Amino acid sequence: MNCKLCGLEKTLIKSHIIPEFMYQDLYNEDHRFYEFSVQDIVDGKKLKPFVQIGEFDKNILCKECDNERLGSLEKYGQKVLFGKNLKPEETPDCQNYELEGYEFSECSNVDYKKIKLFLLSILWRSHITDRPKFNSVNLGPHTDRIKEMLWNNEPGEELEYPITTTSFIRADYHYKDLILEPRRMRTKSGINSYIFSIGSFQFHFYVNSRDHKLPDFVNEMTLKKNNSMRTVHLKNGMEKALIKRLVE
Ligand SMILES: [Zn+2]
């Protein structure tokens, strides 16, 4: 079979859709607790909206593309988002501030190219896999462009597939160890977007054509070429609304 990234006919390997490190605390958790608490939130419906650990696809990528090409991006994502094996020169420098009742972080020294391509690689893998948990992701005509960006190691302009980040890092969030199925949404102006809730983070991808008008906050909050990354910290009490929106 042909690898979906390099296009070569090669032996394909087990490739995780969401990198394994993002499930860091999942091994020890009792999923039943989450299932029951989600049932409470969505009026008793029995749902399992979770991406289980070990959700992989053995029909998409060769070893080199998985371990090296995308693997090197993953190593960077792990460092920045989870603070793993950070050298001083790679450490993000973060300042917190408050605006209209919300807390924000702005971190500098976050490599625009690496973090953007790392996050886009998750979106792209979710599209190319047939695994049912990722059915909602359909990049249509954007698939080839995103693949080309990953292949050429080229993150594009800030407003080409911008990504915004929210988090519950600073709140009392009960789902911090869980990865929810990605969901497709539409902005008021008709742009498709996908939200991935991974641990305490929510990554929001806007799959736009370049001439589409994006909401103003996306311009403000997306990853920046000056290597800064902004995060909105969601507040205590917002988790139910988020889960309900993502699950229903
Ligand atoms: Zn390959």
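This is a predicted model, so every value here is computed, not measured. Counting starts at 1 for both ligands and their atoms, following the listed order.
Pairs of residues two or more places apart, or lying in two chains, that qualify as salt bridge (Lys or Arg N to Asp or Glu O under 4.0 Å) and include a residue from residues 5-19 are Lys10-Glu64.
The backbone N or O of Thr231 sits nowhere less than 3.5 Å from a side-chain atom of Ser105 that would complete a donor-acceptor pair.
Ionic pairing of Lys133 and Glu55 is not present here: no N-O contact between side-chain nitrogen and carboxylate oxygen is shorter than 4.0 angstrom.
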Tell me, with the steps shown, if Cys94 and Cys107 meet disulfide bond (SG atoms under 2.5 Å apart).
CA-CA 4 Å; Cys94 301; Cys107 298; 2.0 Å; yes
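A pairwise comparison of heavy atoms in Tyr76 and Asn109 identifies OH-O, 3.9 Å as the closest pair.
A distance below 6.0 Å separates the ring centres of Phe201 and Phe203.
Take a cut-off of 2.8 Å around the Zn ion (ligand 1): the protein N, O or S atoms inside it are Cys3 SG, Cys6 SG, Cys62 SG, Cys65 SG.
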